[in-house]
Amino acid sequence: MPSRISDSFKGQSQTRLDLNTIKELPESHAWTSSDDHYPSENSCNFESIPVIDLDNNSNNNVLENIGHACKKWGAFQIINHNVSERLFQDIEVAGKSLFSLPMQQKLKASRSPEGVTGYGVARISSFFSKLMWSEGFTIVGSPIEHARQLWPKDYKKFCEVIEEYEKEMEKLAGRLMWLMLGSLGITKDDVKWAVGAKGESKGGCAALQLNSYPACPDPDRAMGLAAHTDSTILTILQQNNTSGLQVFQEGSGWVTVPPMPGALVVNVGDLLHILSNGSYPSVLHRAVVNSTRHRLSVAYLYGRPSGLKVSPLPKLVDQRHPPLYRAVTWSEYLRSKAKHFDKALSSVRLCVPLSGFADAKDHDGVQVG
Ligand SMILES: C=C1C[C@]23C[C@H]1CC[C@H]2[C@@]12CCC[C@@](C)(C(=O)O1)[C@H]2[C@@H]3C(=O)O
Ligand SMILES: O=C(O)CCC(=O)C(=O)O
Ligand SMILES: [Fe+2]
């Protein structure tokens, strides 16, 4: 059974059309509402996801606000997160230099049919009959191998920026995970995988996804990135001051997340939905495109070490709240997403008999697999 994230995907086609130079929307990229798996209703956008100030010294009630945002929206924006503006500028330059390379150069760093890292179309593309108006580059750990193929002589700066960004995001993601769990009354003492055998704090596993959405000749008929939930604990997204991200909310429809200078978007992923035993929805989101501006987004997809099993946390499970999901490892879940896409969560859902359940107390949240 595959146990690494990279083993979870099967052959997928690579992008070849250069979206940066096309003057008319090809039929292959023209979406109608029946091409999407989700409702296409638009919202009046009276309200959007909350903005949360992470400054320790400001007297706001961070835990309560985060809990409320996670329950209501499954997403929020953060300010005062301590990631420097300079790093945002550096990663924007790095991303733009990658996507502005000639197509034949980018294809040298293509994601392999069995792989997870490299250049290509969004993995979920195979579930749609139309192509998305975007290209992506996925990194896990060091990007050096692909960076060498892209810039044989000049790959170091790109690697340095990526690695610095990953380091900063790992710290922030860990902090956010504990805040989001803290809002549910969960502390590190409640979670077995929080601390290792030697008492050290255990981090997660992550992927960094650079998304490029070139300006589009017919944005209303195109789709940047189709509606999906992330297969993560949480995702931290930087949308580089260009609008495009929308979240779906029952009753409101698609709600735009307005870009705020310096802010980052945080969203609940499927694994946190499982850990929270359904308290936090993993938010359905998509990216739309526009006719004038090229948009770059950077997503830090934070999960768990791939062999570690995730299941509803025991503190959140009792007679009245039976576990809604079975234990699953990240790599197993990613494989399920690659196979079932929007049915992946229900594929790990437990059928709970109405008469209750016998072994809730045996659930310990995680087991090392
Ligand atoms: C760690 C991850 C999470 C992945 C797969 C793998 C690497 C790339 C991620 C994304 C990024 C773009 C949306 C998504 C839906 C996609 O197509 O690729 C994500 C997917 C998931 O969240 O399922
Ligand atoms: O570009 C965006 O705003 C969304 C990107 C995204 O959802 C992802 O990379 O998972
Ligand atoms: Fe996403």
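Indexing begins at 1, ligand by ligand and atom by atom, following the structure's order.
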Fill in the blank from the handout: In H228, the N/O/S atom nearest the Fe ion (ligand 3) carries the name NE2
Problem - Heteroatom of D230 nearest to the Fe ion (ligand 3) (N, O or S, atom name) - result: OD1
Per-atom contacts of ligand 2 with [X], taking only distances under 4.0 Å to non-hydrogen atoms:
X: N211; answer: 5 (C), 8 (C), 9 (O)
X: H285; answer: 7 (O)
X: A299; answer: 9 (O)
X: Y213; answer: 1 (O), 2 (C), 4 (C), 5 (C)

Exercise for the section: Return the option from M132, R111, R286, H228 holding the heavy atom at the smallest distance from atom 14 (C) of ligand 1. Expected result: H228
Exercise for the section: Could you tell me whether some N/O pair between S231 and ligand 1 is separated by less than 3.5 angstrom? Expected result: yes
Handout entry: R123-ligand 1 polar pair, N/O distance under 3.5 Å
Key = yes
Suppose I only count heavy atoms of [X] and a 4.0 Å limit; which atoms of ligand 1 are within that range?
X: I124; answer: 15 (C), 17 (O)
X: W330; answer: 1 (C)
X: Q209; answer: 8 (C), 11 (C)
X: K337; answer: 23 (O)
X: D230; answer: 22 (O)

Handout entry: salt_bridge(R221, E27) N-O dist < 4.0 Å
Key = yes
Practice task
Look at R148 together with E145 and state whether they make a salt bridge at an N to O cut-off of under 4.0 Å.
Solution key: no
Completion exercise
So for F127 against ligand 1, with non-hydrogen atoms under 4.0 Å, the contacting part is neither
Practice task
State the CG-CG distance between L345 and L271, to the nearest 0.5 angstrom.
Solution key: 9.0 Å
Handout entry: Matching residue for H146 among W151, F158, F137 - test: side-chain contact (heavy atoms from CB on, under 4.5 Å)
Key = F137
Handout entry: Option among D190, V191, L184 that satisfies the side-chain contact (heavy atoms from CB on, under 4.5 Å) test with K315
Key = D190
Handout entry: Nitrogen or oxygen atoms of Q239 and ligand 2 under 3.5 Å apart
Key = no
Practice task
Answer yes or no: does an N/O atom from D230 fall short of 3.5 Å to an N/O atom of ligand 2?
Solution key: yes
Handout entry: Side-chain donor-acceptor contact under 3.5 Å, N65 with H68
Key = no
Handout entry: D270-T229 side chain donor-acceptor pair, cut-off 3.5 Å
Key = yes
Problem - L301 heavy atom under 4.0 Å from ligand 1 - result: yes
Problem - Candidate pair K96 and E92, rule salt bridge (charged side-chain N to carboxylate O under 4.0 Å, His left out), full reasoning - result: CA-CA 6 Å; K96 289 201 163 150; E92 183 169 358; 3.0 Å; yes
Problem - Part of R295 within contact of ligand 2 (heavy atoms, under 4.0 Å) - result: side chain
Exercise for the section: Examine the proximity of ligand 2 to L225 and report which part, side chain or backbone, both or neither, has a heavy atom under 4.0 Å away. Expected result: side chain
Practice task
Anything under 30° is parallel, anything over 60° is perpendicular, the rest tilted; go ahead and classify F99 against Y119.
Solution key: tilted
Practice task
Take the angle between the ring planes of Y325 and H273 and call it parallel below 30°, perpendicular above 60°, tilted in between.
Solution key: perpendicular
Exercise for the section: Measure the distances from the heavy atoms of H228 to every atom of ligand 2 and state whether one is below 4.0 angstrom. Expected result: yes
Practice task
Kindly say whether the aromatic ring centers of H81 and F88 come within a distance under 6.0 Å.
Solution key: yes
Exercise for the section: Decide if atom NE2 of H294 counts as having more than 12 heavy atoms of other residues, nucleotides or ligands within a radius under 6.0 Å. Expected result: yes
Exercise for the section: Using a cut-off of 6.0 Å, state whether more than 12 heavy atoms not belonging to E85 lie near its atom CD. Expected result: yes
